[in-house]
Amino acid sequence: MAASSDRIRQVVDDYVRLVGSGTADEIVALYAEDATVEDPVGTDVRTGHASIREFYAGLEGLQQETRVIAARIAGGEASFLFEIITRAGEKTYTLSPIDAMTFDEDGLITTMRAYWGDADMVVS
């Protein structure tokens, strides 16, 4: 049985919030033990908590804001467009990836694929 749409929406909201201001451990807690992350699509797939933690550790300490722009949830899966604004020195980097996730019956993320490329990064 798939997780409820309400549970999945809560995980999506938590994920986006934590990408902006959480720790790698907080983000990894949203994932199943054997989950995979492909961010962006076409790069090496990371499998399991240790590899996923290593990936998200790069976000810790950055000055970021995030928000969900649109989300669609169906059949135990979610796709959502969100925005990440990162400030570094005098520059601002804005990225709006589309993430696709699958979930287990407990609402833990089992797969995450992020759709974005270098051309999608806006620097101001």
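In this text the structure is predicted, and so the values were computed from the model without any measurement. Position 1 is the first residue of the sequence; numbering continues from there.
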| Selection residues 74-91 - residue pairs positive for salt bridge (charged side-chain N to carboxylate O under 4.0 Å, His left out), sequence neighbours left out | E65-R87, R67-E83

In Å, rounded to the nearest 0.5 Å, how long is the span from [atom1] of [X] to [atom2] of [Y]?
{"X": "R46", "Y": "T36", "atom1": "CZ", "atom2": "OG1", "answer": "12.0 Å"}
{"X": "E105", "Y": "R7", "atom1": "CD", "atom2": "CZ", "answer": "11.5 Å"}
{"X": "I52", "Y": "D34", "atom1": "CD1", "atom2": "CG", "answer": "9.0 Å"}
{"X": "M121", "Y": "T94", "atom1": "CE", "atom2": "OG1", "answer": "8.5 Å"}

For the side chain of [X] and the backbone of [Y], is there at least one donor-acceptor N/O pair under 3.5 Å apart?
{"X": "D13", "Y": "Q10", "value": "no"}
{"X": "T110", "Y": "T102", "value": "yes"}
{"X": "D106", "Y": "L108", "value": "no"}
{"X": "Q64", "Y": "I84", "value": "no"}
{"X": "T66", "Y": "V16", "value": "yes"}

To check you understand the geometry: which heavy-atom pair defines the closest contact between [X] and [Y], and what is its length?
{"X": "A2", "Y": "G76", "answer": "CB-CA, 3.9 Å"}
{"X": "A114", "Y": "D99", "answer": "CB-OD1, 3.2 Å"}
{"X": "T23", "Y": "E26", "answer": "N-OE1, 2.8 Å"}
{"X": "A32", "Y": "D104", "answer": "CB-OD2, 4.0 Å"}

| field | Other cluster members, V41 - Ile/Leu/Val/Met/Phe/Trp/Tyr, side-chain contacts below 4.5 Å | value | I69, L81, I98, Y115

| request: Given side chain to side chain contact (heavy atoms under 4.5 Å, CB included), test F80 with I73 step by step and report yes or no. | output: CA-CA 8 Å; F80 55 97; I73 299 166; over 6 Å; no

Give a yes or no on whether [X] and [Y] share a hydrophobic cluster (residues Ile, Leu, Val, Met, Phe, Trp, Tyr; joining criterion: side-chain heavy atoms under 4.5 Å apart).
{"X": "V123", "Y": "L95", "result": "yes"}
{"X": "Y93", "Y": "L59", "result": "no"}
{"X": "L62", "Y": "V19", "result": "yes"}
{"X": "I27", "Y": "V68", "result": "yes"}

| Using 30° and 60° as the class limits, which term best fits the ring planes of Y31 and Y15: parallel, tilted or perpendicular? |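 Ring orientation of Y31 relative to Y15: perpendicular.
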
| message | List the residues meeting side-chain hydrogen bond (donor to acceptor under 3.5 Å, both in side chains) with T47, not counting sequence neighbours, and say none if there are none. | response |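 With neighbours one apart ignored, the set is empty.
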
| query | Under a 4.5 Å cut-off applied to non-hydrogen side-chain atoms, are V12 and F103 in contact? | reply |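 Counting from C-beta outward, V12 and F103 do come under 4.5 Å.
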
| query | Any side-chain heavy-atom pair from T43 and P40 closer than 4.5 angstrom? | reply | yes

| Would you call D6-R9 a salt bridge at under 4.0 Å N-O? |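 Looking at R9 together with D6, the answer is no, because their closest N to O distance does not fall below 4.0 Å.
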
